[in-house]
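Chain naming here is simple, since letters A, B, ... match the order of the sequence lines and numbering starts at 1 in each.
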Number of protein chains: 2
Amino acid sequence: MEAVKAELNKTPRSLSKQARRKQLIEATIKCIADKGLSGTTMADVTQQAGLSLGIVNLHFQSKEKLLIETLSYISDEYTSGLNEIFNDDKLTPEQKILAHINFDFSRKIIDRNKLAVWFAFWGETKSRPTYLSICASYISEIANNLTHLFAVLKQQGGYSTVNPDLVCTCYTALSDGLWLDLLITPKGLKPAQAQAVAMHYLATQFPNHFKSQTGH
Amino acid sequence: MEAVKAELNKTPRSLSKQARRKQLIEATIKCIADKGLSGTTMADVTQQAGLSLGIVNLHFQSKEKLLIETLSYISDEYTSGLNEIFNDDKLTPEQKILAHINFDFSRKIIDRNKLAVWFAFWGETKSRPTYLSICASYISEIANNLTHLFAVLKQQGGYSTVNPDLVCTCYTALSDGLWLDLLITPKGLKPAQAQAVAMHYLATQFPNHFKSQTGH
DNA sequence: CAACTGAATGAATAACCATTCATTTTTACT
DNA sequence: AGTAAAAATGAATGGTTATTCATTCAGTTG
């Protein structure tokens, strides 16, 4: 990972295949944010990357594959960040949930370019089975982990009326909806406020563990 | 409205301009759902409508204007439905909120073709100021009305700790996120379940007025 | 019913865009 | 340094698509 980043200083030709692909994917993210999925052309992407027109076909075979890899890229970034939290044995369930929220609204994830990419692909899932299956797999993986955390907290904290499945569905939807707010009304809602809204909901379910700010 | 519908029985040439535009917009919705925003061509739309290729330019001047009218169409349908509820003097605030939820997850709104259109446009708002401004205006109109209802219910119901702005932001985001669930995991979540999730949240804020189903 | 009006058609056009591949440039290896 | 292999280039290609507009057609009017 760091090795890949260091390579960016070398002359273009010396970049590894992996780093070149990453460079092109990041150019794609920028283009989708700037011009929309429908307005992004191969010329746009390669120009954004500062490379020649044919380079995408060389590394990805086709535009369609580049787009699929771009969706996979942001999905992997998101799920791997969450998995690090889930698998961290030093954290209690409560701390894991807290870390999850922090991650959901962190600078790395709440980047309006990436948010635009998420929504661009979500908007095409109905017509593109490949996009749908990529989304479906990360969604169910995260839901399983999160539901489990809520179930443990319910048990340990004596929250007898909490329904972990319901809370997972509600929290996940809330988080996605707040992402939309952050994408569409950038001047209206700041990431920290969005995070406070999410906390406010969790505080309704686990009042002994999470506190809602009194914010107004 | 009914007059327009009745016209659909007439021969093609006798349809009013208004009805023809509606016909083309509905064909556009179907195409965006079936082929995505980027995959929708003029040939697709006109064929879906059973009309000839040049008809869109005749009625909308350009593809771009057709798309803008399509976004306006679903926005208007949504906001006018909500405004009917807000402006119905026979309903109490509590009943209005209930009607709002019912509407958000009604068959008319939760049509996967239309959901696909919402997300398709949301994904392009960052790059298309026109789309953004259409979205921004209906969002703020609805938020004002909804916040007001929550404020009245807070007052009347003695919910001293409720923050109407926060509840409005949270409910709206939750609703949008549930729409995403309904779009992406159609077999996983039914509209009635999504509505129950939204109710579950409102029950946390206004427990004397709304009850969460015990659902499992 | 003949002349008129405007809606609708779809072949033709012109612009756009993904992909190819012959050529050039760089790197690795001896 | 010399050579082979790999990476990158970008002009050319071919397919696609939005838009135009001369023509056709249906409905209306006097």
Side-chain angles (χ1 to χ4, degrees), chain A residues 3-4 6-28 30-32 34-70 120 124 127-128 130, chain B residues 3-4 6-28 30-32 34-70 120 124 127-128 130:
Chain A
V4 167
E7 284 190 75
L8 287 172
N9 295 325
K10 294 191 193 172
T11 61
R13 292 291 175 111
S14 69
L15 282 173
S16 72
K17 290 209 171 208
Q18 187 197 355
R20 177 72 75 221
R21 285 167 62 94
K22 183 177 174 182
Q23 178 187 13
L24 289 166
I25 286 170
E26 287 180 344
T28 305
K30 183 69 164 44
C31 286
I32 291 174
D34 287 351
K35 308 181 167 225
L37 194 48
S38 56
T40 294
T41 67
M42 297 295 246
D44 291 331
V45 170
T46 53
Q47 198 172 336
Q48 174 70 38
L51 294 167
S52 66
L53 182 57
I55 197 80
V56 165
N57 288 287
L58 184 68
H59 284 277
F60 292 91
Q61 291 78 58
S62 71
K63 182 184 183 184
E64 180 59 18
K65 284 184 184 166
L66 170 68
L67 294 177
I68 289 169
E69 294 290 316
T70 300
E124 303 252 309
S127 52
R128 307 248 176 177
T130 309
Chain B
V4 167
E7 282 190 76
L8 288 172
N9 294 324
K10 292 190 193 172
T11 61
R13 291 291 175 114
S14 69
L15 281 174
S16 71
K17 290 209 170 212
Q18 188 197 355
R20 175 108 311 151
R21 285 168 62 95
K22 183 178 172 181
Q23 179 187 13
L24 288 167
I25 285 171
E26 287 181 343
T28 305
K30 183 68 165 43
C31 286
I32 292 174
D34 286 351
K35 310 180 167 226
L37 194 48
S38 56
T40 294
T41 68
M42 297 295 244
D44 292 332
V45 171
T46 53
Q47 198 173 337
Q48 174 71 38
L51 294 166
S52 66
L53 182 57
I55 196 81
V56 165
N57 288 286
L58 184 68
H59 285 276
F60 293 92
Q61 291 79 56
S62 71
K63 182 183 183 185
E64 179 59 18
K65 283 182 183 166
L66 170 68
L67 294 178
I68 289 169
E69 294 291 315
T70 301
E124 303 251 310
S127 52
R128 308 249 175 175
T130 309

- [ ] Would you kindly compare A:L58 and A:G39 by the position of their nearest DNA chain C nucleotide and give the one closer to the 5′ end?
- [x] A:G39
TODO: Figure out the NZ/P separation between B:K65 and D:dA18, and round it to whole Å.
DONE: 16 Å
- [ ] Please report the closest heavy-atom contact between B:L53 and B:T46, naming both atoms and the distance.
- [x] O-CG2, 3.6 Å
- [ ] Could you tell me whether the phosphate oxygens of D:dT17, OP1 or OP2, come under 4.0 Å of any side-chain nitrogen or oxygen in B:K63?
- [x] no
Open item on the list: Are the side chains of B:R128 and B:I68 in contact, using a 4.5 Å heavy-atom criterion?
Closed with: no
Task: Closest nucleotide among C:dT19, D:dT17, D:dG10 to the B:T41 side chain - done: D:dT17
Open item on the list: Before you tell me yes or no, could you show the steps for A:M42 and A:N57 under side-chain contact (heavy atoms from CB on, under 4.5 Å), namely the whole-Å CA-CA distance, both residues' side-chain angles and the distance that decides it to 0.1 Å?
Closed with: CA-CA 9 Å; A:M42 297 295 246; A:N57 288 287; 3.6 Å; yes
TODO: From the options D:dA7, C:dA8, D:dA8, select the nucleotide whose nearest atom is closest to the side chain of A:I55.
DONE: D:dA8
Open item on the list: Applying a 4.0 Å non-hydrogen cut-off, can you work out what A:T46 is touching in the nucleic acid: base, sugar-phosphate, or nothing?
Closed with: nothing
Task: B:H59 side chain near C:dA7 phosphate (N/O to OP1/OP2, under 4.0 Å) - done: no
Open item on the list: Using side-chain heavy atoms (C-beta onward) and a distance below 4.5 Å, is A:L37 in contact with B:L37?
Closed with: no
Task: Interatomic distance where CD belongs to B:Q47 and P belongs to D:dT17 [whole Å] - done: 12 Å
TODO: Starting at atom NZ of B:K17, determine the distance to atom P of C:dT5, rounded to an integer number of angstrom.
DONE: 16 Å
- [ ] Report the distance from atom CG of A:N57 to atom P of D:dT13, rounded to the nearest whole Å.
- [x] 17 Å
Task: Listed nucleotide nearest any side-chain atom of A:L53, set D:dA8, D:dG10, C:dA12 - done: D:dG10
TODO: Return yes if a side-chain donor-acceptor contact under 3.5 Å exists between B:Q23 and B:R20, otherwise no.
DONE: yes
Open item on the list: Just the rounded figure in Å: distance from P of C:dT19 to CG of A:D44.
Closed with: 14 Å
- [ ] Please report, rounded to the nearest Å, how far the C1' atom of C:dT13 is from the CE atom of B:M42.
- [x] 15 Å
Task: Spacing between B:Q61 atom CD and D:dC21 atom P, to the nearest angstrom - done: 14 Å
TODO: Note down the inter-axis angle between the two ends of the helix from C:dC1-D:dG30 to C:dT30-D:dA1, five pairs each, to the nearest 10°.
DONE: 10°
TODO: Could you list all the salt bridge (charged side-chain N to carboxylate O under 4.0 Å, His left out) pairs where at least one residue sits in residues 42-53 of chain A, not counting sequence neighbours?
DONE: A:K35-A:D44
- [ ] Measure from CZ on B:R20 to C1' on C:dA7 and round the result to the nearest Å.
- [x] 9 Å
